[in-house]
Amino acid sequence: MSFQTTLSIARKNLRIDDEVRFIRSWIEKPLSIGAVTPSGRVLARTMASYVDPDSQGPVIELGPGTGPVTEALVQHGVEPRRLVLVEFNPVFCRLLRTRYPEATVVQGDAYRLKSLLGAIVRDPAAAVVSGLPLMTKAMRTRLRLMADAFTLTAPGAPFIQFTYAVMAPIPKALPGVHAKPSELIWLNLPPARVWVYRKL
Ligand SMILES: C[S@@+](CC[C@H](N)C(=O)[O-])C[C@H]1O[C@@H](n2cnc3c(N)ncnc32)[C@H](O)[C@@H]1O
């Protein structure tokens, strides 16, 4: 068997392991996980594509789960040492620490972003990339999350959020905020869209 074939089998097994972990967590806490399987590669790559790998400062990921978007960020050129990964689930945190030993993994509630990261994120962040199931939260909670994220980011830095919903996860016509959706990503189960918000 060639090295390439062995590598591709190993990757496939890893993906299956991650899916099993994810489904287990979803059975335990469906509302907190918000999806039955990890994001597919096309969605993860689309999320990562909005981050400028040559920018300065940390890249904060909220709700990385088993890390498909984290991996896409690294593949996109973001150095793992720049990553600050905020995840609620202790099993996922352990996995992320093993896979990305240079990243900062913070186990905690992303909706308490300022108190959670105030002492950790010292330089303005280049982006906040969120896989949180925002639609399960009240609108005021979503708005507060984005406002808190903007206090940690550099001017014009993106707040990137995916959703399976037809509607924008955060209203697109907010004063002082520019919002732009991606095309619908059909190659994901279920199809999803990425919204990018920037403070003007
Ligand atoms: C829809 S999954 C997305 C996982 C991964 N980003 C992906 O694209 O496959 C949501 C993730 O957010 C995490 N999560 C949910 N609520 C959270 C919270 N309040 N703080 C931190 N992480 C949270 C869940 O544990 C889960 O890993």
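First listed ligand is number 1; within each ligand, the first listed atom is number 1. All values reported here derive from a predicted model rather than from experimental measurement.
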Same cluster (ILVMFWY, side-chain, under 4.5 Å), [X] and [Y]:
X	Y	result
Val121	Val105	no
Val129	Phe150	no
Ile120	Ile60	yes
Met135	Leu145	no

ask   = Can you tell me if Gly67 has a non-hydrogen atom under 4.0 Å from ligand 1?
value =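 In this structure, Gly67 fails to qualify as a contact of ligand 1 - no heavy atom is under 4.0 Å.
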
task = Would you check, one step at a time, whether the test side-chain hydrogen bond (donor to acceptor under 3.5 Å, both in side chains) holds for Ser55 with Arg82?
result = CA-CA 11 Å; Ser55 57; Arg82 293 178 62 198; 3.1 Å; yes

Below 4.0 angstrom from a heavy atom of [X], which ligand 1 atoms are there? Numbered from 1 as shown, please.
X	result
Phe92	27 (O)
Phe162	8 (O)
Asp109	18 (C), 19 (N), 20 (N)
Pro68	7 (C), 8 (O), 9 (O)

ask   = What residues form a side chain to side chain donor-acceptor pair (under 3.5 Å) with Thr70, not counting sequence neighbours?
value =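 If we apply the side chain to side chain donor-acceptor pair (under 3.5 Å) test to Thr70, skipping adjacent residues, the hits are Glu61.
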
inquiry  = Please state which option from Pro64, Ala72, Pro38 has its nearest heavy atom closest to atom 5 (C) of ligand 1.
reply    =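 The option holding the nearest heavy atom is Pro64.
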
ask   = If you measure from atom 24 (C) of ligand 1 to every heavy atom of Glu87, Met47, Glu61, which option wins on shortest distance?
value = Glu87

Hey, is ligand 1 close enough to [X] that some N/O pair sits below 3.5 Å?
X	answer
Ser39	yes
Phe88	yes
Gly63	yes
Tyr111	no

key: Residues forming a side-chain contact (heavy atoms from CB on, under 4.5 Å) with Thr141, sequence neighbours excluded   =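 Result, side-chain contact (heavy atoms from CB on, under 4.5 Å) vs Thr141: Tyr111, Lys137, Ala138, Arg144.
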
query = When you measure from the side chain of Glu79 to the backbone N and O of Pro53, does any donor-acceptor pair fall under 3.5 Å?
reply = no

